[in-house]
S.K.: 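Got a structure for you, written out below as structure tokens; questions coming shortly.
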Amino acid sequence: MKFVSTRNSKKLYTIDEAIHLGLAPDGGLFVPQQIKKIKMNFNHSVPIFAAKMLKPYFDQELNQITKKAFNFKIPIRHLKNGPKVLELFHGPTCAFKDFAARFLAEYAVHNQKTNLLKTVLVATSGDTGGAVAAAFLKKKNFRVVILFPKGKISKRQEKQLTSFGHNVHAFAVKGTFDDCQKIVKSAFQDKRFKKFKLISANSVNLARILPQSVYYAYTSLQYPNSTFIIPTGNLGNATACIWAKKMGFPIKKIIFACNENKTLLNYYKTGKYLPKKSVQTLANAMDVGTPSNFERVNHLYSKFINFKKEIEVYSISDQQIQSTIRNAFQKYKYEICPHTATAFAVYEKHNIKNAILVSTAHPAKFEKIVEKIIHKKIKVPKTLQKILKQKSRSVTIAPNLDTFYKNISKL
Ligand SMILES: *Cc1c(COP(=O)(O)O)cnc(C)c1O
């Protein structure tokens, strides 16, 4: 299988090139040259299913990789008198990003060509950094460097980024998430950083999107013709669902549940894509005004009417997020995080038939918001407890490349 940029279908890339470049040289995003239909049944464990399903895209046996990467469960919970919920938060950092991060890490370890030290560099606004760090923790020949905006992420998220130790290094940047991302982007283009052998774990990386198609495919075979309601920010998770549908898996509709960032809702209503500055909401991992995977979705549907046939978009306010967290607890005795609440709100409000609600994170990661609403302490999963007990360590830096260079050189 070869890959092309969303902006040029003539130039072909291998999977390795696509993963290492992250972004296509013309600024577009990598997509499979074609998404072929594949016939599968779900009488396999998830790792074996994943290896079979992804093999055409990675051009290699993946059994060893998927066995190590997907070593936790993806239960579908049936709420009594309520909807089905696809729980994607049973990985080591309790968010769905563990799937892709762990696949990327095992793939990188399996395919490394030298024993030289490589540096995985990642900017994070919350969950990505922790998932990538956990995935590469103690991997020989790899280290992880995380940049996060000082004071702008939840306390538990920060604790998670800064407590791994070993080969994980966290920098608290005196600035915003955009500043962190700017530093990362410039580092990849700066000659001084060549010697660090940087690897990108960015959210647009193909190796982060493809593995996420697996849980949609697997679930759709168990519950054919369901509609997935997906809490959406940068559109990575939803793109994976769209790709699973294109592969021929029996998925009916795909609904983007967004917060008050309405770029996608406006596109759905008008056919015009107008990126906006992001606004802060309770579902902070979805605070995105310029969804970075939009170009992939747009490329796939090419015409707006085709998009409208398969996709619906809704926007949920902070107030609705709060009332939905309360209702879910009262009605179903079920604790949900603010992101997952957007999917629940869409389901309740629009009476969606045959719905599967995608739960993207464990509520214990956002206990400051959720506990106040449900008046109950949330039990912290063991994996999270372990991380929270450790000592935090980070170096605070000014938001510029030179300072970052000086500090990374000292590691
Ligand atoms: C990253 C994240 C999202 C948004 O996913 P995208 O792939 O960016 O659309 C939703 N919920 C949680 C908990 C997240 O960490």
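Both counts, for ligands and for their atoms, begin at 1 and track the order of listing.
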S.K.: If you round to the nearest 0.5 Å, how far is CD1 of Ile387 from NZ of Lys389?
M.R.: 11.5 Å

S.K.: Check each atom of ligand 1 against the heavy atoms of Asn237 and keep those under 4.0 Å away; list them by number with element.
M.R.: 7 (O)

S.K.: Distance under 4.0 Å to a non-hydrogen atom of Gly233: what atoms of ligand 1 satisfy this?
M.R.: 4 (C), 6 (P), 8 (O), 9 (O)

S.K.: Looking only at heavy atoms, is any part of Asp127 under 4.0 Å from ligand 1, and if so is it the side chain, the backbone, or both, or is it neither?
M.R.: side chain

S.K.: For ligand 1, is there an N or O atom under 3.5 Å from any N or O atom of Ala95?
M.R.: no

S.K.: Leu235 versus ligand 1: do any nitrogen or oxygen atoms come within less than 3.5 Å of each other?
M.R.: yes

S.K.: Compute both the distance and the angle, then confirm whether Lys376 meets the cation-pi test with Phe329: under 6.0 Å from the six-membered ring centre, within 45 degrees of the axis.
M.R.: no

S.K.: Suppose we measure from atom 8 (O) of ligand 1 to each protein heavy atom; which comes out shortest, and what is that distance?
M.R.: Asn234 N, 2.8 Å

S.K.: Find out whether the Lys NZ or Arg CZ of Lys11 is both under 6.0 angstrom from the six-membered ring centre of Tyr13 and within 45° of the ring's axis.
M.R.: yes

S.K.: NZ of Lys37: more than 12 outside heavy atoms within 6.0 angstrom?
M.R.: yes

S.K.: If I apply the N/O under 3.5 Å rule, does Gly236 come out as touching ligand 1?
M.R.: yes

S.K.: At a 4.0 Å cut-off, with the gap strictly under it, does some heavy atom of Phe96 reach an atom of ligand 1?
M.R.: yes

S.K.: So does Lys379 pair up with Glu335, basic N to acidic O under 4.0 Å?
M.R.: no

S.K.: Is Glu87 paired with Lys73 through a side-chain N to carboxylate O contact shorter than 4.0 Å?
M.R.: no

S.K.: Show me which atoms of ligand 1 lie under 4.0 Å from any heavy atom of Thr232.
M.R.: 9 (O)

S.K.: List ligand 1 atoms under 4.0 Å from Ala361, heavy atoms only on the residue side.
M.R.: 13 (C)

S.K.: Return the closest protein heavy atom for atom 1 (C) of ligand 1 as residue, atom name and distance.
M.R.: Lys97 NZ, 1.4 Å

S.K.: May I ask you to check whether Phe70 and Phe99 place their ring centers less than 6.0 Å from one another?
M.R.: yes

S.K.: Among all protein heavy atoms in this structure, tell me which lies nearest to atom 11 (N) of ligand 1, with the distance rounded to 0.1 Å.
M.R.: Thr360 OG1, 2.9 Å

S.K.: Is it the case that Lys308 places NZ or CZ above or below the six-membered ring of Tyr268, under 6.0 angstrom from the centre and within 45 degrees of the axis?
M.R.: yes

